[in-house]
Peer 1: 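Pasting in a structure now, in structure tokens, and then I'll have a few things to ask.
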Number of protein chains: 2
Amino acid sequence: MKRKIKTMEEFAEVSGISRPTISKYFNDPESVRRSTRDRIEIALEAYSYRPNIFAINQNRKLTKTIGIVVPYLADPFFAEIVRLMERRCMDAGFSPMIFSAHGEQRLENDALAALQSQRPAGALIAPLGRHSDFDSVRHFTEEVPTVVFDSNVKVGEAFVGSDSFQSIPLIVDYLCRSGEPPCFLEMPPVNPNANKRRDAYTLAMERLGHDPKVIRVDGKGWDFERIGMDEGMRLISNKELPSETVLCSNDRLAIGFIAAAYQQGLRVGHGAGCALRVAGHDDHPWARFTCPPLTTVAQDYSAIVDRSVEKLFDLIENGRTQEERPEVLIECKLVLRSSA
Amino acid sequence: MKRKIKTMEEFAEVSGISRPTISKYFNDPESVRRSTRDRIEIALEAYSYRPNIFAINQNRKLTKTIGIVVPYLADPFFAEIVRLMERRCMDAGFSPMIFSAHGEQRLENDALAALQSQRPAGALIAPLGRHSDFDSVRHFTEEVPTVVFDSNVKVGEAFVGSDSFQSIPLIVDYLCRSGEPPCFLEMPPVNPNANKRRDAYTLAMERLGHDPKVIRVDGKGWDFERIGMDEGMRLISNKELPSETVLCSNDRLAIGFIAAAYQQGLRVGHGAGCALRVAGHDDHPWARFTCPPLTTVAQDYSAIVDRSVEKLFDLIENGRTQEERPEVLIECKLVLRSSA
DNA sequence: ATGAAATTTTTACTCCCGTAAAATTTAATC
DNA sequence: GATTAAATTTTACGGGAGTAAAAATTTCAT
């Protein structure tokens, strides 16, 4: 009959080890003598005690919590990034805590406040971007060691993200070589990336001696596919497309656009008999399952996660020694499928 | 010059109100006299103090945390459910905490342990199902008031989910009326739902006097689209499909299967000139953007979330008074698009 | 103004563990 | 076996707020 062990004091009794040593053990099992560790672990199996996390964190200035904040968790790009980050944090002995802003400034602020009240050791955040409450985000980063990823809001100790000025030329160049130069389909930008992509498109086209053609469609929120489809339907039926090659600002928009083309009876692809070529950006998890499979530029998910996490661990261990805020730009890769 | 307020004691000083009253205010602003509340709120704006969450939770047996645990957060079905649940919890004054098992038993156990150590007021969990460590999950639910959703593992105080024996006949009936009776495409079941759907299919077909044809394809993990596509390619090129109408166990599988059909040059749809009809189940957020748009049975996301959350709040307020574990089954709706 | 009811203040104890300092025990070295 | 170094035990305090009980104050109706 094993009595319920609630406190470290009680566990110290039943295990025959003093409380401070038990405490030491839980902070780092290697820090106690081998024989002691064994005795503790034997008792641990017999009584299954776990220290109270609130009491622990109350006395530690830095907890083992790492916050992960994304603008929209139901976006497969962020879902995947979060999945990878979570694992990396757990493997390193941290407890990741996930927050989503659900695309709203108020909720981003709430998330940051909730996270900050947890006194996390650090945070990995992808800000909303244009819709962020800049002061609020900055205030957060002043208190918590933070690596910003994806959307380069100028706060935090470091930034990790993809380089639009490398990725966009890649696909623009390919599209120009293989057919009619592309027009660029964008929606009102939700973050700095969207603007950079457009600018990179314009620059790339001009370099190649072509006339850039940007189509800005309306639409709010994070329903990118719906926007791509609705506006695609309109553009196609009104014959407003300035080119038969459409480069979409991101894959989700492209997925919607392809659906529109299909419903309008336009065959998408780079082969003969195709009326339209469509390309995207990001290599979303679902990009390979569109009809036809989407030609796109792949963001390097692993690299983004690895570099972000490494940088954060470095920050946590060595403090904010950095003179200037480093910006790590990660290369994208062209992924040729059959949509363009 | 506002000094930094760290403790409630200090805040009591600067606000001129006693600490116990401040404490009362933070637990429920309505519980103090109007004039007192105003004085506190004025001080609050001037000093921006927030109580330490660890100190708070240390003395409370039930926190304001609600855990949300799903088997795979990158699955859009769960991403969407989580999104809705999170909001409902926040609106009710709770702090939702999200966990994903990433499809692995070990990680599900880790998530439950991490959650339990937070002493949550309650939990909303969708267990892995067949891959769950049953004892571990049951142990969790014995300590934490829990509503189980989606996958009916027999633990917790209540279950909320869709009724496969209502939804599947709906689509089987439609498919039989409108063309060749469907075969059923499934992968090795990850949870009880998958089995129920197959059984419901068999039953529905027999009721209509047709011969049920179940195709079980291989594949592990949560890459449903990939499995659907790879196995679809094989089935189609080997001409192993027993029917021109394919009912997939879920939408993600269907999305992959449609991609396979497209790549094999088979036209999918219910119209003339189509070689194949494909239907799914769930109405995933992306189901409307396939080519052609997917005919499916829609799970009622809002209802699932609402009923789950209501039930949990009831549990939290009134304790576990329930004699028997209620199972709430929610109706699905047929969604006719053009894939079948 | 008076008495009763509702609030607030005072005081004090609790929650569970981190951690520092001094005293003691154990292990390692020659 | 004596010397030293390393680990453990003892003792004690602190962290920040919940909460109970008694005393003091405010509010409100009569």
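The structure presented is a predicted model; accordingly, all values stated were derived computationally and were not measured. Here is how names work: the chains are called A, B, and so on, in the same order as the sequence lines, proteins then strands, and each is numbered from 1.
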Peer 1: Looking at DNA chain C, which of residues 113-123 of chain B put a heavy atom within less than 4.0 Å of it?
Peer 2: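 Residues of residues 113-123 of chain B that come under 4.0 Å of DNA chain C do not exist, since none gets that close.
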Peer 1: Could you check whether A:S136 and A:N109, counting side-chain N and O atoms only, form a donor-acceptor pair closer than 3.5 Å?
Peer 2: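 Distance-only check passes for A:N109 and A:S136.
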Peer 1: A:Y49: which residues meet the ring-ring contact (aromatic ring centres under 6.0 Å, His included) condition with it, sequence neighbours left out?
Peer 2: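 ring-ring contact (aromatic ring centres under 6.0 Å, His included) check on A:Y49 returns A:F11, A:F26.
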Peer 1: Quick one: what's the B/S/- string for nucleotides 17-24 of chain C, heavy-atom cutoff under 4.0 Å, read 5' to 3'?
Peer 2: BBB-----
Peer 1: How many whole angstroms separate atom CD1 of B:I17 from atom P of D:dT25?
Peer 2: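 Distance, rounded to whole Å: 16 Å.
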Peer 1: Rounded off to whole Å, could you give me the CD-to-P distance for the B:E30 and C:dA6 pair?
Peer 2: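 Rounding to the nearest Å, CD of B:E30 and P of C:dA6 are 18 Å apart.
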Peer 1: Under a plain distance cut-off of 3.5 Å, with no hydrogens placed, do A:E108 and A:S132 share a side-chain donor-acceptor pair?
Peer 2: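 Checked: A:S132/A:E108 side chains pair up, N/O donor to acceptor below 3.5 Å.
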Peer 1: So, do A:I68 and A:F99 sit near enough that their side-chain heavy atoms are less than 4.5 Å apart?
Peer 2: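 Answer no - side chains too far apart.
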Peer 1: In whole angstrom, give the distance that lies between atom CZ of A:R37 and atom P of D:dA7.
Peer 2: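 Answer to the nearest Å: 11 Å.
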Peer 1: Atom OH of A:Y25 and atom P of D:dT9: how far apart are they, to the nearest Å?
Peer 2: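 About 15 Å, once rounded to whole Å.
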Peer 1: Please evaluate residues A:S23 and A:M8 with respect to the criterion side-chain contact (heavy atoms from CB on, under 4.5 Å), reporting the C-alpha separation (whole Å), side-chain torsions for both, the decisive distance (0.1 Å), and the verdict.
Peer 2: CA-CA 8 Å; A:S23 172; A:M8 195 175 273; 3.8 Å; yes
Peer 1: Does A:E30 come within less than 4.0 Å of A:K24, counting only side-chain N to carboxylate O?
Peer 2: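 A salt bridge is absent here (no side-chain N lies under 4.0 Å from a carboxylate O).
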Peer 1: Distance check: side-chain N/O of A:T21 vs OP1/OP2 of D:dT9, anything under 4.0 Å?
Peer 2: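 Looking at the OP1 and OP2 atoms of D:dT9, one of them is under 4.0 Å from a side-chain N or O of A:T21.
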Peer 1: Using a 4.5 Å cut-off on heavy atoms from C-beta on, say whether the side chain of A:P127 contacts that of A:V148.
Peer 2: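 Answer yes - side chains close enough.
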Peer 1: So, OP1 or OP2 of C:dT7: does either fall under 4.0 Å of a side-chain N or O from B:T36?
Peer 2: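 It does not, given that no N or O in the side chain of B:T36 lies less than 4.0 Å from OP1 or OP2 of C:dT7.
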Peer 1: Can you tell me how the ring of B:Y72 sits relative to the ring of B:W222, calling it parallel under 30°, perpendicular over 60° and tilted otherwise?
Peer 2: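 B:Y72 vs B:W222 ring planes: parallel.
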Peer 1: Using whole Å, report how far CD1 of B:I5 lies from P of D:dG16.
Peer 2: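 Spelled out: CD1 on B:I5 to P on D:dG16 is 13 Å.
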